Each structure stands twice: as structure tokens, then as C-alpha cells.
A.B. asks: 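Just dropping this structure here.
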Amino acid sequence: MRSKIVAGNWKMNQTFQNADELLYQIGEGMEKDFPQDVELVICPPFVYLELATDFAQEIEFKIGAQNVSQYDGGAYTGEISAEMLSSMDLDYCIVGHSERRKYFGESAEVLTQKVNQLLEYGVQPIFCVGEQLEDREAGKHFEIIKSQLQEALFGLSQSEFANIVLAYEPVWAIGTGKTASPEQAQEIHAFIRSLVAAKYGEDQAQETSILYGGSCNAKNAKELFAQTDVDGGLIGGAALKADDFISIAKSF
Ligand code: PEP
């Protein structure tokens, strides 16, 4: 059975004090009727990872990083390696987010290197794919998603791919308040699963969690998560409010 996952991407937000408060509030929210079968993942900025791991001693959430270096280690000023993340017992790391692709020019080649680094050190990539608005309007969204998967991920062996979590994040829905409709999300999620099945077999496809991301919030999560191939969410803005984040996680 594939996992149901709700992951919060804090992006470049929060002071140390606010991060501490938010983690505390999330912990409190998890004390009341939190579903046992939902994995809650928090992806704070690097500088708050240790704070989050301290909280995770008491509270049952998992922790992810938002980025990792494509290099193994050494003279790369300002970078954080997969080995470092692994040494902090992190579970996940986001790779291929559209903001990294757009603002930091991350190519498919770099993304593959990052995925390989993470897999080598036992950290699970949450790999994001998604089309721009003009791609969708031109009817190219299937083609774009397919090539993003093929170029960066489908060189992995089956045992490597078994550690990947996928996230469909239409770029036009990220931080815009425009959510994909449940039908649009289901259509692409089913398409992604069919591509995984064609490459790695039906069993692997059924085991792969595919999250939806893009203006998912406490109001629309239920309908999105009710779709057969939507296994949870990658949440940006709404992950910065404990009540909203917890209520999204309770939306299955
Ligand atoms: C994201 O950045 O991964 C995201 C889904 O953001 P938001 O929920 O704010 O659209």
C-alpha cells in the first residue's frame, strides 16, 4: 500500500522564533485525532532543520530538506550535501521544485545528480514535475510531464526508483490561489502512474505515492485527496499556518 503523505514546504519563510512556535503548534494539532495512516512531513529552511529534528523526538512527524547539492562534498561554499542531510536522519528532500528550476536554473542533468546523491545517502527525494500555464494552454502538459520524468528520473533502476515520491505541481497553481480542479489533478496523476507502470511495472506504479501541489488548502484538500491517484499534497502557503496544515492532513 502506498503511503499517504502531506508535506509542508516552508520555502524561505519564518524567523527562528516563528519556526519554533509553528513547530510547537503543529505538535499540539497532532495530539488530537490525527490519522495514523498519514505521514506528515515538514520541510523547513536548512537553518531550522535541527530545531525540527528536536521536535521530532517528541512528535511523530518526518522532516525533509528543500534542497541538496549535486556534489558529494568538499569545496562548494554555501552548499549542503546529501551526506549531511543523512547524518541528521532526515527522511526526505524536495528536488525539481519549479522555483529551483526557474530561479536557480536547475537542469534535468543537475536534478538527476541531486537524486543520485540523495539515494546514495538514503534520503528519499520528493521529485516535482509540472507544466507552465502556456504549456497547458497549448495542450502540451502531458508531453512536458513525460519528458521531465524521463529526463531526470527514468534512468534509475527499479530498486532506486522505489525510494522516489512524486509530486505533480502545475506551475500556474503554485502560490497563485488557482488550484487544479480535482479532475485535472486526477487526469495527470493517473497519467504519471501509467508512465511509472510502463517503465517500472504495475506493482511499482501502485506503490509510488504521487502528491498534488499548487494552492492546496484546508478548503480544497478533501476533494483533491478523494481522487484515486492523489496520495496527498505538497503544501506551500498553507503549511505556514498550523491549523490549516493539520486540517489538510486530516482531509483524506
Ligand atoms: C509549493 O511551492 O510546493 C506549493 C505547492 O506552494 P503553494 O501551496 O503555496 O501553492
Side-chain angles (χ1 to χ4, degrees), residues 4-14 18-19 22 26 38-46 48 52 61-68 90-106 111 114-115 118 124-133 135-136 141 144-145 148-149 152 164-182 184-186 188-189 192 209-225 227 229-252:
K4 294 177 186 168
I5 301 171
V6 171
N9 173 13
W10 288 9
K11 310 193 187 190
M12 195 169 72
N13 289 300
Q14 308 296 30
N18 293 345
L22 181 54
I26 292 170
V38 176
E39 223 179 85
L40 198 78
V41 183
I42 297 175
C43 304
F46 285 133
Y48 308 144
F61 58 67
K62 299 205 167 178
I63 302 170
Q66 297 174 21
N67 187 26
V68 67
L90 297 199
D91 302 283
Y92 293 103
C93 179
I94 299 169
V95 183
H97 193 282
S98 63
E99 289 153 14
R100 301 274 342 153
R101 292 177 193 256
K102 178 176 172 190
Y103 300 123
F104 304 95
E106 293 189 358
L111 299 181
K114 291 186 174 205
V115 167
L118 290 167
Q124 281 189 263
I126 300 178
F127 190 86
C128 307
V129 295
E131 80 283 1
Q132 307 277 344
L133 183 58
D135 300 326
R136 181 163 276 269
H141 40 304
I144 297 285
I145 304 292
Q148 288 175 345
L149 288 170
I164 302 287
V165 170
L166 295 173
Y168 168 54
E169 297 211 305
V171 180
W172 48 270
I174 297 179
T176 59
K178 282 189 213 152
T179 320
S181 69
Q184 284 172 322
Q186 170 57 25
I188 297 288
H189 282 233
I192 292 173
S209 296
I210 309 174
L211 316 183
Y212 169 79
S215 298
C216 183
N217 58 40
K219 290 203 180 96
N220 59 30
K222 204 170 189 63
E223 242 195 308
L224 286 160
F225 295 177
Q227 305 305 307
D229 290 291
V230 177
D231 306 312
L234 179 53
I235 317 297
L240 298 172
K241 292 189 195 117
D243 286 353
D244 288 357
F245 189 50
I246 293 293
S247 128
I248 292 170
K250 290 182 175 174
S251 296
F252 285 94

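For clarity, every value in this text was computed on a predicted model and none was experimentally measured. One-based numbering, in listed order, for ligands and for the atoms of each.
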A.B. asks: Going by the order shown, which atoms of ligand 1 are within less than 4.0 Å of some heavy atom of G214?
C.D. replies: 5 (C), 10 (O)

A.B. asks: Note the single closest protein heavy atom to atom 2 (O) of ligand 1, along with its residue, its atom name and the distance in Å.
C.D. replies: K11 NZ, 2.5 Å

A.B. asks: Whether the side chain of K62 engages the backbone of V41 through a donor-acceptor N/O pair (distance < 3.5 Å, no angle test) should be reported.
C.D. replies: no

A.B. asks: Can you check whether T176 has an N/O within less than 3.5 Å of an N/O in ligand 1?
C.D. replies: no

A.B. asks: Would you check the N or O atoms of G237, main chain and side chain alike, for any that come under 3.5 Å of an N or O of ligand 1?
C.D. replies: yes

A.B. asks: Which atoms of ligand 1 sit under 4.0 Å from any heavy atom of G175?
C.D. replies: 7 (P), 9 (O), 10 (O)

A.B. asks: Going by the order shown, which atoms of ligand 1 are within less than 4.0 Å of some heavy atom of E169?
C.D. replies: 1 (C), 3 (O), 4 (C), 5 (C)

A.B. asks: Checking Q66 side chain against C43 main chain: does a donor-acceptor pair fall under 3.5 Å?
C.D. replies: yes

A.B. asks: Run the side chain to side chain contact (heavy atoms under 4.5 Å, CB included) test against P182 and tell me which residues pass, sequence neighbours left out.
C.D. replies: E223, Q227

A.B. asks: Would you mind listing which atoms of ligand 1 come within a distance below 4.0 Å of any non-hydrogen atom of H97?
C.D. replies: 1 (C), 2 (O), 3 (O)

A.B. asks: Below 4.0 Å from any atom of ligand 1, is there a heavy atom belonging to A238?
C.D. replies: no

A.B. asks: Short list, please: which atoms of ligand 1 are under 4.0 Å from a heavy atom of I174?
C.D. replies: 1 (C), 2 (O), 4 (C), 6 (O), 10 (O)

A.B. asks: Tell me if the NZ atom of K11 is crowded by more than 12 foreign heavy atoms within 6.0 Å.
C.D. replies: yes

A.B. asks: Hey, is the main chain of A180 close enough, under 3.5 Å, to the side chain of Y212 for a donor-acceptor pair?
C.D. replies: yes

A.B. asks: Heavy-atom distances under 4.0 Å decide this one: backbone, side chain, both or neither, for A173 against ligand 1?
C.D. replies: backbone

A.B. asks: Should you measure from each heavy atom of L234, which atoms of ligand 1 turn up under 4.0 Å away?
C.D. replies: 3 (O), 5 (C)

